[in-house]
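Order of the sequence lines fixes the chain letters, A, B, ..., with proteins taken first and strands second; residue numbering starts at 1 for each chain.
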Protein chains: 2
Amino acid sequence: MATLKQIAKELGLSPATVSRALNGFPEVNIDTRKLVEETAKQLEYRPNKIAQKLVSGRSGMVGMIVRINPRSPFDRTFAEIMLGLSSRLAQHDIDLVFQVASESDPVESYRKMIEKQIVDGFIVNAPVANDPRIAFLTKKGIPFVVHGRASKDAVHPYFDISNNGVTETAVRHLAALGHKRIALLNGEKTAVYAIDREEGFRATVADLGIHVPERMIVNGQPFELYGYEAAKAMLADATPPSAIICVSTVVANGVYRAAGELGISIPRDLSVIAHDDDIPQLRAENFVPPLTVTSAPLQASCGPLAEILITRLGLAQGTPLQQVAEAELIERASTAPVLSRLATPWT
Amino acid sequence: MATLKQIAKELGLSPATVSRALNGFPEVNIDTRKLVEETAKQLEYRPNKIAQKLVSGRSGMVGMIVRINPRSPFDRTFAEIMLGLSSRLAQHDIDLVFQVASESDPVESYRKMIEKQIVDGFIVNAPVANDPRIAFLTKKGIPFVVHGRASKDAVHPYFDISNNGVTETAVRHLAALGHKRIALLNGEKTAVYAIDREEGFRATVADLGIHVPERMIVNGQPFELYGYEAAKAMLADATPPSAIICVSTVVANGVYRAAGELGISIPRDLSVIAHDDDIPQLRAENFVPPLTVTSAPLQASCGPLAEILITRLGLAQGTPLQQVAEAELIERASTAPVLSRLATPWT
DNA sequence: TTTCCTTTTCAAAACGTTTTAAATGGACAG
DNA sequence: CTGTCCATTTAAAACGTTTTGAAAAGGAAA
């Protein structure tokens with residue numbers, strides 16, 4: 001593969017001139033430029049990124065580190081994120097370096113990657129409250145963007161959906177159908193999104209004057225089995241919920257299975273609504289009956305996420321560094337007006 | 001961050017000596033070495049990877065390119081691969097550069113990445129027959145390893161499971177239970193693994209003297225819906241299968257749903273067996289009834305895959321560059337002796 | 001003719017390493 | 001005293017770019 005030096009030698013020019021010609025600097029003679037460009041094309045010249053990086057100090061790569069825990073709730077969704085993100089970043093000629101966080105210390109992997117000096121910034125996902133990674137990167141002054149927020153008043157760059165809004169929308173939808181016994185199958189307690197959803201849930205039911213006992217607000221890793229077990233427990237209660245809000249479609253899947261086994265009909269005896277990340281494999285519209293959801297496609301978050309990071313890296317301008325999107329209610333057949341025998345509120 | 005030069009200056013040594021001291025060369029005085037090492041530690045020196053790469057010509061990174069098609073059957077499994085692979089590679093201080101194949105031309109992304117000269121090799125997944133990527137990389141002389149095989153007699157480095165063996169095992173298991181009407185819900189026709197499974201299936205049924213009509217051997221993208229629809233069609237046949245072999249657990253999920261809707265009991269009226277990549281979210285043992293499978297955990301393939309690539313890169317020795325693993329039969333409750341009314345063979 | 005621009009090109013340094021070839025200094029033998 | 005060998009260290013080149021400061025060439029104005 002031809003180098004810049006070779007082109008220079010070939011044409012009897014200095015590397016400096018060739019470099020300038022190829023990088024569109026104004027001070028090079030039009031004929032020289034053409035000559036250089038032609039020769040470069042002919043010799044199939046491609047600038048050596050590594051060399052460029054050495055002098056520019058930039059690597060043109062960003063890192064993404066995910067937890068290795070095979071039970072992590074995000075290995076289902078992170079594929080979606082990576083697909084979208086990587087293609088967006090590629091448009092700016094930025095590569096994505098992927099790594100699994102092998103250490104128990106959550107910042108260790110970031111530290112190592114920074115020390116290697118191979119990335120210019122990071123995409124951080126699945127933030128928890130007071131996330132040490134965010135504190136670390138902020139202290140180090142390394143650019144990053146978070147998918148989600150460390151807290152409602154976070155000062156770092158992020159893209160997030162309104163998780164308070166998700167549960168508020170769900171509760172109001174169910175309340176409008178007459179439901180008074182609404183349960184919440186939330187995500188992991190440490191995840192910021194789950195905290196926000198719980199907050200939105202509590203605020204909205206309070207606003208509507210609905211009382212929800214603590215046993216009807218539960219947390220868990222968003223898997224099918226969690227939905228199944230939690231729903232089974234709730235539906236065995238003396239006063240079971242007439243509606244369940246699920247953290248994700250996978251969890252709703254488990255709720256469906258539990259209801260099926262117990263002979264409880266959806267939506268007649270039980271309304272189910274879930275938040276939908278819109279992952280190709282498990283489509284809410286293919287549920288039987290089709291699942292009502294609050295929808296915020298993960299893919300849609302990739303564009304903004306990439307833009308924000310690029311802006312933060314100083315490679316673009318004008319993008320707000322903090323963005324919040326609203327989820328959309330998509331009404332299908334899993335929610336219906338409450339049966340009168342289930343319409344008595346919890347005491 | 002301290003550089004090697006700075007350490008040299010600090011100690012009044014030449015960069016060469018410092019470099020040698022830090023890299024464990026024998027010809028440096030023991031006292032000098034200690035001094036250098038201490039100073040390096042004290043100044044928190046970390047070698048600049050980019051600079052090392054420039055001189056060594058190696059980048060210490062390998063690339064993995066996946067297709068962007070959101071309906072691709074592999075976005076479900078590639079997360080698993082990447083998790084395992086990345087952590088294995090990290091042990092050898094190799095980073096994984098991830099990219100989505102945005103071009104319609106399958107080799108275009110590889111070409112670009114090679115031209116940037118930022119990776120030393122590739123992991124290629126989901127090979128198809130006569131895969132152009134493999135031909136391209138071979139021609140270019142770029143090291144790579146394939147997860148799967150381009151063909152049975154492939155000459156490139158690969159790790160694969162015996163896909164002929166998968167269907168052979170399944171067929172023999174069912175035949176031993178008396179089944180004579182065995183259907184195959186295979187993967188996409190272009191995928192090499194599906195070709196091999198079909199071959200193994202046909203060879204084994206032929207060996208056992210079982211005739212299977214062409215309509216009972218079907219191909220499709222391994223999603224739940226495919227399993228559902230294909231099973232519905234087959235079970236509506238005048239002579240429905242008494243056993244179905246599924247390409248994956250997800251597809252088996254669809255078969256279960258179809259059977260449930262048709263009032264067909266598993267395993268009494270229908271035996272179901274699937275191949276299990278052992279993905280955390282959909283566990284065969286949680287099926288109702290628990291699903292009999294041929295199991296070959298994807299995670300288990302990551303170690304060999306990484307070893308092979310590292311060997312191919314010349315960073316290790318002794319690993320065979322081509323490895324084939326056998327899938328294991330795990331008998332659960334979804335397969336049972338055939339009912340006598342279903343025991344008549346297809347004609 | 002000199003001075004002063006303008007346009008274009010160049011040599012050299014820089015980025016942070018590794019590696020090659022050579023130098024230094026001391027010990028020892030002759 | 002000279003030469004050889006050894007252990008250790010060094011200067012310099014190399015990797016492939018970009019960038020800085022300067023120079024060269026040519027023309028116009030004084």
Taking the side chain as C-beta and beyond, is there a heavy-atom pair between A:Lys152 and A:Arg149 under 4.5 Å?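 Of all side-chain heavy-atom pairs linking A:Arg149 with A:Lys152, at least one is under 4.5 Å.
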
Would you mind reporting whether A:Asp278 and A:Leu298 have side-chain heavy atoms less than 4.5 Å apart? no

Could you state the atom-to-atom distance from [atom1] of [X] to [atom2] of [N] in whole Å?
X	N	atom1	atom2	value
B:Lys5	D:dA11	NZ	P	13 Å
B:Ile50	C:dT18	CD1	C1'	16 Å
A:Lys49	D:dT17	NZ	C1'	12 Å
B:Leu54	C:dT19	CG	C1'	13 Å
B:Asn23	C:dG16	CG	C1'	13 Å
A:Lys116	C:dG16	NZ	C1'	17 Å
A:Lys9	C:dA11	NZ	P	13 Å

Residue pairs, two or more places apart or on separate chains, that pass salt bridge (charged side-chain N to carboxylate O under 4.0 Å, His left out) and touch residues 12-31 of chain A: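 As it turns out, the salt bridge (charged side-chain N to carboxylate O under 4.0 Å, His left out) pairs with a partner in residues 12-31 of chain A, which skip direct neighbours, are A:Arg20-A:Glu27.
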
Checking all strands, does A:Arg58 fall into the base, sugar-phosphate, or nothing category for heavy-atom contacts under 4.0 angstrom?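 Nothing: the residue A:Arg58, judged by heavy atoms under 4.0 Å, touches no strand.
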
Does the pair B:Lys34/B:Glu37 count as a salt bridge with the N-to-O cut at 4.0 Å?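 No, no charged N to carboxylate O under 4.0 Å.
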
Lys/Arg N to Asp/Glu carboxylate O, A:Glu115 vs A:Lys112, below 4.0 Å: no

Given [options], the nucleotide with the shortest approach to the side chain of [X]:
X	options	value
B:Phe25	C:dT19, D:dT17, C:dC10	C:dT19
A:Glu27	D:dT19, C:dT8, D:dG16	C:dT8
A:Gln52	D:dT18, C:dT18, D:dC15	D:dT18
A:Asn29	C:dT9, C:dT17, D:dG16	C:dT9
B:Thr3	C:dG16, D:dC15, C:dT19	C:dG16

Could you tell me which residues satisfy salt bridge (Lys or Arg N to Asp or Glu O under 4.0 Å) with A:Asp131, sequence neighbours excluded, listed by chain and number?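 A:Arg133.
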
Sequence neighbours left out, what passes salt bridge (Lys or Arg N to Asp or Glu O under 4.0 Å) with A:Lys116? Give chain and number order. B:Asp93, B:Asp95

Within the structure, does a side-chain N or O atom of B:Asn48 lie under 4.0 Å from either OP1 or OP2 of C:dC15?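 Looking at the OP1 and OP2 atoms of C:dC15, neither is under 4.0 Å from any side-chain N or O of B:Asn48.
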
So, taking the atom named OG1 in A:Thr3 and the one named CZ in A:Arg46, what distance separates them when rounded to the nearest 0.5 Å?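 The CZ atom of A:Arg46 is 14.0 Å from OG1 of A:Thr3, to the nearest 0.5 Å.
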
A:Tyr110 ring center within less than 6.0 Å of A:Phe122 ring center: yes

The residue, A:Arg20 or A:Leu4, whose nearest nucleotide of DNA chain D is more 5′ is A:Leu4

Is there a side chain to side chain contact (heavy atoms under 4.5 Å, CB included) between B:Met61 and A:Ile118? Walk through the geometry before answering. CA-CA 10 Å; B:Met61 309 191 194; A:Ile118 57 172; 4.1 Å; yes

Count the heavy atoms of every other residue, nucleotide or ligand shown that sit under 6.0 Å from CG of A:Asn130, and state whether that count exceeds 12.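 Count not over threshold, so no.
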
Overall bend - the helix from C:dT1-D:dA30 to C:dG30-D:dC1, comparing terminal axes fitted on five pairs, nearest 10 degrees: 90°

Residues B:Thr138, B:His156; criterion side chain to side chain donor-acceptor pair (under 3.5 Å); working and verdict: CA-CA 8 Å; B:Thr138 304; B:His156 57 74; over 6 Å; no

Residues in residues 10-19 of chain A with a heavy atom under 4.0 Å of DNA chain D, by number, are A:Ala16, A:Ser19

Using a strict heavy-atom distance below 4.0 Å, which residues from residues 30-45 of chain A are in contact with DNA chain C?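 Result for residues 30-45 of chain A: A:Thr32, sorted by number.
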
